[in-house]
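Contents: one structure, followed by commentary.
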Amino acid sequence: MAGIYLVVVTVVEVITHDLLVIGSGIAGLRAALEASRVSGGKIDVAIISKVHLMRSHSVCAEGGTAAVLRPEEGDSFELHMWDTVKGADFLADQDAVERFVKLCPEEIRLLDRWGMPWSRRSDGRIAQRRFGGHSFPRATYAADKTGFFEMQTLYDTLLKYDNWSRYDEWFVTSIIVEDDQFMGLTAIEMKTGDFYLFRAKAAIIATGGAGRIYTFTTNSRIVTGDGMAMAYRAGIPLKDMEFFQFHPTGLVPSGILISEAARGEGGYLKNNKGERFMAKYAPERMELAPRDIVSRSMMREIIEGRGFEGPMGLGYLHLDLTHLGAEKIYERLPLIREVSMKYAGVDPVEEPIPVRPAAHYSMGGIHVNIDGQVLMADGRPVKGLWAAGEVTSVSIHGANRLGTNSTAECLVYGRITGAEAAKYIMGGAELPSTPKDAAEREEKRIFDVILKTENGENPFDIAWELRKTMDKYVGIFRDEEGLKTAVKRIRELKERYKKVTVVDKGRSYNMNLIATLETGNMLDVGEVMAVSALARTESRGAHARTDYPERDDDNWLKHTLALYTPEGPRLTYIPVVIKRWKPIVRKY
Ligand SMILES: Cc1cc2nc3c(=O)[nH]c(=O)nc-3n(C[C@H](O)[C@H](O)[C@H](O)COP(=O)(O)OP(=O)(O)OC[C@H]3O[C@@H](n4cnc5c(N)ncnc54)[C@H](O)[C@@H]3O)c2cc1C
């Protein structure tokens, strides 16, 4: 064939390490620390985060971290396991729960040794308080700033090692998996706008949850489900994505979290008649029933007219701490007081706090095995790839997570995956070949398509409409009609996204571009959530279908797996690991 062809060759710059840790929350830092510890500082670790390492959402964790520390006072592994399995509405894998529960106390003691300022009892021992769904006070805490101190302690301890590098403000855009093997990832250095391919023998995905997919949420702006979406697009299934937790007490109007510790310390929830309405819904546990039950009860009170009218249509209820006394509030809940005063003009020592349920935590996530290794739908492990923390579904939390079990899971699974990945690398794992084509395709997708499109759709409008859709149809209560509408609207938004326009065409700190990529990720995650929720015709844990109000163990005691196809998610199901406890009626 005659003719002259001009071949444009893009050269993507390559960075190589042994192990990539994507995300620097509690899970990521704990994983990097364990990989450094078990290898004696010998393997070369890189931590990548789209914000400064210490600004990950984990610093916001307030109320505590679960662990059995007092068998002599009546707590036991058995009890923590049972509370977790019942809290999960029996969708948790019981082998994973057992392993998790048994490793929690060691993590608390390790952190103590590394300098964690745990709150103490008067006898000098580590203090613990009550939390929803736990039948023993086993929330270990540092006032109401537990996550902040855990992050600080992990970071300080990591500084003892010099085998790791940090990539703060680098945005990962894709995870590359070929033939069931982790091949690398692509990322944008936000400062310069330059695009890179990272190669490594192994990686741990620790990118956190997706709470920003709703409007009223306790989650930081950065919690946009990136890791879930990237894994999904790489062909890895997402598990149980229909289960999303609403925390009962988001501060009105901002959504900032008022920790469950406020109720753990004895706070009351009251309606506009001054009644402690939880007596109707969970007479034994009252305000300390699991979150799915308390959130549904609060929404019923608001819907049936026993709430207060708030700004922007945000009906609310009262969280009353006034009977606890100033001293207890100053000592145990200083952050709650500061936040209530600054953001709602209310001093909880004197007045009740205005609260309503807020989007909080994703029970679903990347499909992994009990070692945190990423799995394909048929159960084959992806070589060299692990995931830990909120981005995963192990599954420990099943259909509803108990408070304080997440930071605990981040610690335990950060440790497990860090050790597993280090072992794999030290065992002689080879660096996979360069995935040049995948990196170049990704570079083109971002810089030649998304960044060059003109006069198209506004990414912020798309994100806002997605959030409103999720609020309205994929919220605390769901039904078939609403979920069908959600799937349809999200698909329309995905079509519009194909013409999305980034107004800022610059390279350096192009936050317009980053927000656009995040919106794309949220669209994928939202679609999987809505499709998974539509299919599950029962009510279990946080998934409450008004058209199917009962739990249906005969048909639905199984995990959902959602697989990427160009037409939308394809669902398959796998069994729940039931070892000791068969499902019973869940009452509190
Ligand atoms: C306000 C609040 C209070 C909470 N309180 C408690 C509590 O008291 N007890 C409890 O057990 N749980 C609590 N939780 C839940 C718990 O804190 C979280 O589930 C947990 O901290 C998540 O940690 P993580 O390490 O998985 O991810 P995160 O801490 O969310 O970190 C995610 C990391 O991934 C990085 N990242 C994400 N996407 C990208 C990308 N595209 N490129 C590069 N980097 C990326 C981010 O920069 C960040 O470093 C709370 C949650 C909130 C929101």
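When a ligand or atom number is given, it counts from 1 through the structure's own listing order.
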Structural part of T218 in contact with ligand 1, heavy atom criterion under 4.0 angstrom: both
Contacting atoms of ligand 1, where contact means under 4.0 angstrom from a heavy atom of A27: 25 (O)
How long is the span from the CZ atom in F198 to the CD atom in E13, to the nearest 0.5 Å? 11.0 Å
Could you give the distance from CG (L314) to CZ (F216), rounded to the nearest 0.5 Å? 5.5 Å
Is there a donor-acceptor contact under 3.5 Å linking the side chains of N400 and H543? no
Contact check: V172 vs ligand 1, nitrogen or oxygen atoms, below 3.5 angstrom: yes
Is it the case that over 12 heavy atoms from other parts of the model lie below 6.0 angstrom from the CZ atom of R129? yes
Ligand 1 atoms nearer than 4.0 angstrom to some heavy atom of F171 are 41 (N), 42 (N)
Below 4.0 Å, non-hydrogen atoms only: which portion of H360 touches ligand 1? Side chain, backbone, both or neither. side chain
H360 side chain to T218 side chain, donor-acceptor N/O pair below 3.5 angstrom: yes
Could you tell me if the ring centre of F244 sits under 6.0 Å from that of Y214? yes
Quick test: of every protein heavy atom, which one is nearest to atom 53 (C) of ligand 1, and how far off is it to 0.1 Å? H57 NE2, 1.7 Å
Report yes or no: is the cationic atom of K86 (NZ for Lys, CZ for Arg) closer than 6.0 Å to the six-membered ring centre of Y588, at no more than 45° off its axis? yes
Mind checking whether G63 has an N or O less than 3.5 Å away from an N or O of ligand 1? yes
For A206, take its heavy atoms, then give the atoms of ligand 1 lying under 4.0 Å from any of them. 32 (C), 33 (C), 34 (O)
Which atoms from ligand 1 have a heavy atom of W170 less than 4.0 Å away? 42 (N), 43 (C)
Can you check salt bridge (Lys or Arg N to Asp or Glu O under 4.0 Å) on R212 and E518, steps first, answer last? CA-CA 10 Å; R212 276 278 153 186; E518 288 173 340; over 6 Å; no
Identify the protein heavy atom lying closest to atom 13 (C) of ligand 1, giving its residue, its atom name and the separation to 0.1 Å. A61 CB, 4.0 Å
For ligand 1, is there an N or O atom under 3.5 Å from any N or O atom of G64? yes
Sidechain-backbone polar pair: S393 side chain, G365 backbone, donor-acceptor under 3.5 Å: no
Taking non-hydrogen atoms only, is R401 closer than 4.0 angstrom to ligand 1 via side chain, backbone, both or neither? side chain
Give yes or no for whether the N/O distance cutoff of 3.5 Å, strictly under, is met between Y361 and ligand 1. no
Could you please spell out the steps behind the side-chain hydrogen bond (donor to acceptor under 3.5 Å, both in side chains) verdict for D83 and S135? CA-CA 7 Å; D83 288 342; S135 34; 2.7 Å; yes
Under 4.0 Å from one or more heavy atoms of D226, ligand 1 contributes atoms 38 (N), 39 (C), 40 (C), 41 (N)
Here's one to test your reading of the geometry: is the NZ or CZ of R507 within 45 degrees of the ring axis of F447 and under 6.0 Å from its centre? yes
So is N219 polar-close to ligand 1, meaning N/O to N/O under 3.5 Å? no
Per-residue contact class, N405 against ligand 1 - non-hydrogen pairs under 4.0 Å: backbone
Per-residue contact class, L257 against ligand 1 - non-hydrogen pairs under 4.0 Å: side chain
Does only the side chain of C410 get under 4.0 Å from ligand 1, or the backbone, or both, or neither? Count heavy atoms. side chain
Ligand-side contact atoms (ligand 1) for residue partner G389, heavy atom cut-off under 4.0 Å: 26 (O)
Determine whether the side chain, the backbone, both or neither of A187 has a heavy atom under 4.0 Å from any heavy atom of ligand 1. neither
Test E169 against K191 for salt bridge (Lys or Arg N to Asp or Glu O under 4.0 Å), laying out the working first. CA-CA 7 Å; E169 299 184 336; K191 187 167 69 180; over 6 Å; no
Looking at S58, which atoms of ligand 1 are within less than 4.0 Å of one of its heavy atoms? 20 (C), 21 (O), 22 (C), 23 (O), 24 (P), 25 (O), 28 (P), 29 (O)
Among all the protein's non-hydrogen atoms, which is closest to atom 16 (C) of ligand 1, and how far away is it? S406 OG, 3.5 Å
Enumerate the atoms of ligand 1 whose separation from the nearest heavy atom of T404 is less than 4.0 angstrom. 9 (N), 10 (C), 11 (O)
When you compare ligand 1 with I222, is there at least one nitrogen or oxygen pair between them that comes in under 3.5 angstrom? no
Are side-chain N/O atoms of T65 and T140 paired as donor and acceptor at under 3.5 Å? no
Locate the shortest heavy-atom distance separating A358 from G250; write the atom from each residue and the value. CB-CA, 4.0 Å
Please report whether ligand 1 has a polar contact with G23, defined as an N or O pair separated by less than 3.5 Å (distance criterion only). no
Top protein contact for atom 26 (O) of ligand 1, by heavy-atom distance: E390 N, 2.9 Å
Mind running side chain to side chain contact (heavy atoms under 4.5 Å, CB included) on T519 and F460 for me, showing each step along the way? CA-CA 8 Å; T519 298; F460 299 96; over 6 Å; no
To the nearest 0.1 Å, how far is atom 10 (C) of ligand 1 from its closest protein heavy atom, and which atom is that? T407 OG1, 3.3 Å
Electrostatic pair D292-R296, nearest N-O below 4.0 angstrom: yes
